[in-house]
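A short write-up of the structure that comes next.
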Amino acid sequence: MSQRLLVLGSTGSIGDSILDVVARNPEEFTVHGLTAHRRMDKLYQQCLKFRPVLAVVSEPHHAIELQAHLLAAGLRTEVYCGVDALCAIAGASDHDTVIAAIVGAAGLLPTMSAVRAGKKILLANKEALVMSGALFMQLANLSGATVVPVDSEHNAIFQCLQDPRGVERLLLTASGGPFWTWPEQALAAVTPAQACAHPNWTMGRKISVDSATMMNKGLEVIEARWLFDIEVKRIDVLIHPQSIVHSMVVYQDQSVLAQLGNPDMRIPIAHALAYPRRIPSGALPLDLAAIATLTFERPDMQRFPCLALALEALKSGAEACVMLNGANEVAVEAFLAHRIRFTDIWGVIEHVLQGTPACSINSIDDVLCVDQQARRVGAQVIGQYAR
Ligand code: NAD
Ligand code: MG
C-alpha cells in the first residue's frame, strides 16, 4: 500500500523538493493533504497535480476562494483554515507520514500534534526542535513517533549511525554561507539579496539568512543534540565550502563514517520518505573527479558570533534556546525588511538572551510564553536599531 503523506508547508523550498520526489515515485506515495500560508496560486496548482483529500491555509478568505476554484476545476479537495485545523489534521488518523516543512515557530504546534499522534515525521522544521528539544523527544518516545531528519547534515548522521553506543563525536559540516571569505568590516553593508544568494543551496529566505549569519549551524547543533541524544561537547562544526560531505560520525575506534552527495535536498528527502528502503531522487550522480578537491576548516566565531550564541544558549538550557530562536526570527525578519543591518542580527539576539526568561519550561505552553517574550523584547531592541 502506498504511504499517505501530509505535507505541512508544501509551497516552500522543501515542499517543492518533496513533491518532486513524490512525482518521480507515484506508486510509492499518495498525497493526502497539502498546507500553505500565503501563496494560493501555487497551492492551487499543487492541488490540481496531486489531488489531495484536503488542504489547509491560514486565512479564511483564502480558504473560501481556494475551495471555489478547486470545485470549479472538478476537485473534491476540502479546504480548511487556521492553526487549530492544522493541528487537528496533523494528528488525525487518515495519513501515515507528516512532512514538517513549515518555516520557524509557526511549525511548532502542528509538528507537536503529529508527534503526539505517533506519526512517521520527516523533520525539516528545525526551529520546532530547537524550541522544544527535550519535550519533543520525550513525547516521540511515548507516542512511538518515528522522527527521520530531512536537514541534510542530520540526515547524513542518521544514515551513518550504525551503533549509537560506539559514537565518540559528530562532525557537522557547514558551507560557511556566502560571506565565509569576506572581511569582518564588510559584513555591515550586506543586503538581503546578497544574504539570500547561497553559493550551494537554493532555500527559503529565512534559512538563507540563517546560513549567511551561521545561526543555521547553531540551530543545527541544537537539533543534533536532541535528535541523537548527545552532549554539545561531542558535536564539532567543520567548514566545508563544497557541501559534498553532508556530515560525519566518529566512532570510538576512530573510524569515521561520512555521507556524500551533490547539494540537492531531494537526496535526504528521498531517503527519509522511503526509509528504510531507497528510491530514485532525481539528483545528479556525484562526480568526485570533476569536483577534485574537498576542503575543511575550523569555524570562525569572531566573524560569525551567531554560532557562539547558539552554543551558549544550548549550555544555558531550554529557556535560552527558545529565546535565541524567537529573537533570531524577529531579527531576520527585520533585516529582510531593510529595518536593521546584517550585523545587527546578532546584537538583537545577544540583547534578548541577557534577559530573564518569563518562566521555566515544562510544557509547550511555557515554550510559547518564552517565545512571545523573546519576540516582544526583540521588537523593542529592533526599534532602537532601526534606520
Ligand atoms: P520556505 O520559506 O521556502 O517555505 C516555508 C513554508 O512554510 C511555506 O509553504 C509557507 O507557506 C509555510 N509557512 C510559512 N509561515 C507559515 C505560517 N505562519 N503558518 C503556516 N504555514 C507557514 O522555507 P524552506 O526553505 O522550505 O524551509 C522550511 C523548513 O525546512 C525550515 O524550518 C528550514 O529551516 C528547514 N530546512 C530547509 C532546507 C532547504 O533547503 N530549504 C534545508 C534544511 C532545513
Ligand atoms: Mg542543514
Side-chain angles (χ1 to χ4, degrees), residues 123-124 126 129-130 133 137 147-181 198-201 203 207 210-265 267-269 271-272 275 283 286 288 291-315 321 324:
L123 185 71
K126 65 190 86 185
L129 194 54
V130 167
M137 296 313 286
V147 183
V148 188
V150 163
D151 212 348
S152 56
E153 298 77 3
H154 305 74
N155 183 269
I157 290 167
F158 188 89
Q159 293 195 48
C160 295
L161 267 182
Q162 291 186 334
D163 179 358
R165 290 166 306 179
V167 172
E168 189 173 283
R169 316 189 69 73
L170 303 180
L171 301 182
L172 274 186
T173 53
S175 69
F179 312 125
W180 175 244
T181 56
H198 194 278
N200 304 338
W201 304 92
M203 308 180 287
I207 186 178
D210 284 349
S211 300
T213 60
M214 291 207 63
M215 177 54 89
N216 184 50
K217 211 47 55 179
L219 299 178
E220 289 186 357
V221 171
I222 303 174
E223 186 185 7
R225 188 263 170 269
W226 296 113
L227 273 176
F228 306 117
D229 191 20
I230 185 166
E231 310 117 278
V232 56
K233 63 174 192 236
R234 294 202 289 139
I235 307 173
D236 294 333
V237 172
L238 205 51
I239 304 292
H240 168 49
Q242 298 82 15
S243 299
I244 297 296
V245 176
H246 296 301
S247 277
M248 297 175 251
V249 177
V250 182
Y251 287 93
Q252 281 168 2
D253 55 10
Q254 301 311 315
S255 184
V256 182
L257 296 194
Q259 185 264 347
L260 281 71
N262 283 319
D264 184 331
M265 285 308 293
I267 300 175
I269 283 169
H271 167 266
Y275 172 76
L286 179 62
L288 280 175
I291 295 161
T293 311
L294 298 179
T295 60
F296 301 91
E297 292 169 70
R298 289 187 210 295
D300 178 348
M301 302 214 207
Q302 173 82 33
R303 257 183 323 142
F304 297 98
C306 284
L307 180 54
L309 289 172
L311 296 179
E312 262 170 53
L314 184 51
K315 284 176 199 151
C321 291
L324 174 94

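Hydrogens, waters and symmetry mates play no part in the numbers below; they use all other heavy atoms, side chains included.
- A donor-acceptor pair under 3.5 Å is formed between the side chain of D253 and the backbone N or O of S255.
- Residues F296 and M248 share a closest heavy-atom pair of CE2-CE, 4.0 Å.
- Among all heavy-atom pairs drawn from N200 and S243, the shortest one is ND2-OG, 2.7 Å.
- Of all non-hydrogen atoms in S152 and H246, the two that sit nearest each other are O-CB, 3.9 Å.
- By the 4.5 Å heavy-atom criterion applied to side chains, M265 and N155 are not counted as neighbours.
- Taking all atoms of both residues into account, the shortest heavy-atom contact from Q252 to R165 is NE2-O, 3.7 Å.
- Between K217 and E220 there is a salt bridge, since at least one side-chain N of the basic residue sits less than 4.0 Å from a carboxylate O of the acidic one.
- Annotation for Q302: atom CD does not count as buried by contact number, only 12 or fewer foreign heavy atoms lying within 6.0 Å.
- Going from atom CG of L172 over to atom CG of L238 covers 9.5 Å, rounded to the nearest 0.5 Å.
- One finds the CG atom of D300 at 12.0 Å from the OG1 atom of T181 (value rounded to the nearest 0.5 Å).
- V250 is not listed as a side-chain neighbour of L170, based on a closest heavy-atom distance of 4.5 Å or more.
- A heavy-atom distance below 4.5 Å is not found between the side chains of M137 and D229.
- Closest heavy-atom contact between G218 and A310: CA-CB, 3.4 Å.
- Inter-residue side-chain proximity for I291 and L286 is flagged as met; some heavy-atom pair is nearer than 4.5 Å.
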Side chain to side chain contact (heavy atoms under 4.5 Å, CB included) between I222 and L324: does it pass, once the steps are laid out?
CA-CA 11 Å; I222 303 174; L324 174 94; 3.9 Å; yes
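- Residues V249 and F158 are not in side-chain contact: their nearest non-hydrogen atoms beyond the backbone lie 4.5 Å or more apart.
- Relative orientation of the H154 and F228 rings is parallel, given thresholds of 30° and 60° on the angle between their planes.
- Between the side chain of Q242 and the backbone N or O of T295, at least one donor-acceptor pair lies under 3.5 Å.
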From CA spacing to verdict: side chain to side chain contact (heavy atoms under 4.5 Å, CB included), L123, V150
CA-CA 5 Å; L123 185 71; V150 163; 6.0 Å; no
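- The backbone N or O of W180 sits less than 3.5 Å from a side-chain atom of R303, completing a donor-acceptor pair.
- From L311, atom CG reaches atom CE of M301 across 5.0 Å, with rounding to the nearest 0.5 Å.
- Within 6.0 Å of OH on Y275 lie no more than 12 heavy atoms contributed by other residues, nucleotides or ligands.
- The two residues E297 and P241 make their nearest non-hydrogen contact at OE2-CG, 4.2 Å.
- Distance check, rounded to the nearest 0.5 Å: CG of L161 to CD1 of I230 gives 8.5 Å.
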Show the numbers, then the answer: is there a side chain to side chain contact (heavy atoms under 4.5 Å, CB included) between K126 and N216?
CA-CA 9 Å; K126 65 190 86 185; N216 184 50; 2.6 Å; yes
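- Atom CG of L260 and atom CD of Q159 lie 11.0 Å apart (nearest 0.5 Å).
- For R169 (side chain) and K233 (main-chain N/O), a donor-acceptor pair under 3.5 Å exists by modelled atom type.
- A donor-acceptor pair under 3.5 Å is absent between the side-chain atoms of H198 and the main chain of S211, judged by distance alone.
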Please step through side chain to side chain contact (heavy atoms under 4.5 Å, CB included) for the pair Y251 and V167, ending with a clear verdict.
CA-CA 4 Å; Y251 287 93; V167 172; 3.8 Å; yes
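- Here the side chains of S247 and L171 are not in contact, with every heavy-atom distance at 4.5 Å or above.
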